[in-house]
Amino acid sequence: MIDFSNLKLNNKMPVYIQITQFVKKEILLNNLQSGDILPSRRELAATLEINPNTAQKAFRLMEKEGYVITSGNEGSKIHLTTDSLNNIENELTKEMVKTFILSAKDIHLEYPQVIRLLKDMWDEV
């Protein structure tokens, strides 16, 4: 089962989005697989010290996006398809690159400079 105690919440984005992003990262890092069980909404709310309605909102979004299913008394579990896995990878990768580009633009780096820096640092990191 996923350990949400590692999730450090911030005030930069809604909590339910932070929860979904955390789950997506865990999926992308192969720490979560299809069939892995998620805690109940109440357990999640207690662990993160959040309102149960916020936990419910996160679960609804994960279900809507198709990588979590909830069935009756069995609770919620990860449900990965090729499409949902590709969507998660694309979303997280694009967000990371977008953040980097915005930071580069903030300090007035030009595109050729950024490409040169990426090439130079790629093997160093």
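With sequence neighbours left out, Ala104 forms a side-chain contact (heavy atoms from CB on, under 4.5 Å) with Leu109, Val114.
To the nearest 0.5 Å, atoms CZ (Phe4) and CD (Gln18) are separated by 12.0 Å. For the atom pair NZ of Lys8 and CZ of Phe22, the computed distance is 9.0 Å after rounding to the nearest 0.5 Å. Considering NZ of Lys25 and CG of Leu7, their distance stands at 9.5 Å, rounded to 0.5 Å. Rounded to the nearest 0.5 Å, atoms CD1 (Ile27) and CG (Leu92) are 9.0 Å apart. Here the straight-line distance linking atom OG1 of Thr70 with atom CZ of Arg60 works out to 11.0 Å at 0.5 Å rounding. We find the CG-CD distance between Leu80 and Gln33 to be 7.5 Å, quoted to the nearest 0.5 Å.
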Can you check side chain to side chain contact (heavy atoms under 4.5 Å, CB included) on Lys24 and Met62, steps first, answer last? CA-CA 9 Å; Lys24 289 175 187 177; Met62 292 186 289; over 6 Å; no
Evaluate side chain to side chain contact (heavy atoms under 4.5 Å, CB included) for Ile2 paired with Leu38, printing each intermediate quantity in order. CA-CA 6 Å; Ile2 185 171; Leu38 295 169; 3.6 Å; yes
Please evaluate residues Phe59 and Ile19 with respect to the criterion side chain to side chain contact (heavy atoms under 4.5 Å, CB included), reporting the C-alpha separation (whole Å), side-chain torsions for both, the decisive distance (0.1 Å), and the verdict. CA-CA 9 Å; Phe59 274 86; Ile19 294 167; over 6 Å; no
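At most 12 non-hydrogen atoms from other residues, nucleotides or ligands lie less than 6.0 angstrom from NZ of Lys57.
Between the Glu89 side chain and the Leu28 main chain, no donor and acceptor come within less than 3.5 Å of each other. In terms of modelled atom types and a separation under 3.5 Å, the side chain of Asn90 and the main chain of Asn87 share no donor-acceptor contact. Side chain of Ser84 to main chain of Thr81: a donor-acceptor pair is present (N/O by atom type, distance under 3.5 Å, no hydrogens or angles).
Taking the side chain as every heavy atom from C-beta outward, Val15 and Asn51 never approach each other to under 4.5 Å.
For Leu48 against Leu9, the heavy-atom pair with the smallest separation is O-CD1, 4.1 Å. Considering all non-hydrogen atoms of both residues, Arg41 and Ser76 come closest at NH1-OG, 3.1 Å. Nearest heavy-atom pair, Gln113 versus His108, reported as atom, atom and distance to 0.1 Å: OE1-O, 4.2 Å. For Ala55 against Ile50, the heavy-atom pair with the smallest separation is N-CD1, 4.0 Å.
Between the side chains of Asp3 and Ser5, at least one donor-acceptor pair of N or O atoms lies under 3.5 Å. If you check the side chains of Thr20 and Glu65, you find no donor sitting under 3.5 Å from an acceptor.
Cluster membership check: Tyr16 does not share its hydrophobic cluster with Leu32, using side-chain heavy-atom separations under 4.5 Å among Ile, Leu, Val, Met, Phe, Trp and Tyr. By the criterion of side-chain heavy atoms lying less than 4.5 angstrom apart, applied directly or through intervening Ile, Leu, Val, Met, Phe, Trp or Tyr residues, Ile107 is not grouped with Met121; the two fall into different hydrophobic clusters. Note on Ile88 and Leu29: separate hydrophobic clusters, where clusters join Ile, Leu, Val, Met, Phe, Trp and Tyr whose side-chain heavy atoms are under 4.5 Å apart, directly or indirectly. In the hydrophobic cluster analysis, where Ile, Leu, Val, Met, Phe, Trp and Tyr join through side-chain heavy atoms closer than 4.5 angstrom, Val125 is grouped apart from Leu117. Under a hydrophobic-cluster definition in which Ile, Leu, Val, Met, Phe, Trp and Tyr are linked whenever side-chain heavy atoms come within less than 4.5 Å, directly or via other members, Leu85 and Leu61 are assigned to different clusters.
Under the 4.0 Å criterion applied to side-chain N and carboxylate O atoms, Glu74 and Lys77 are assigned as salt-bridge partners.
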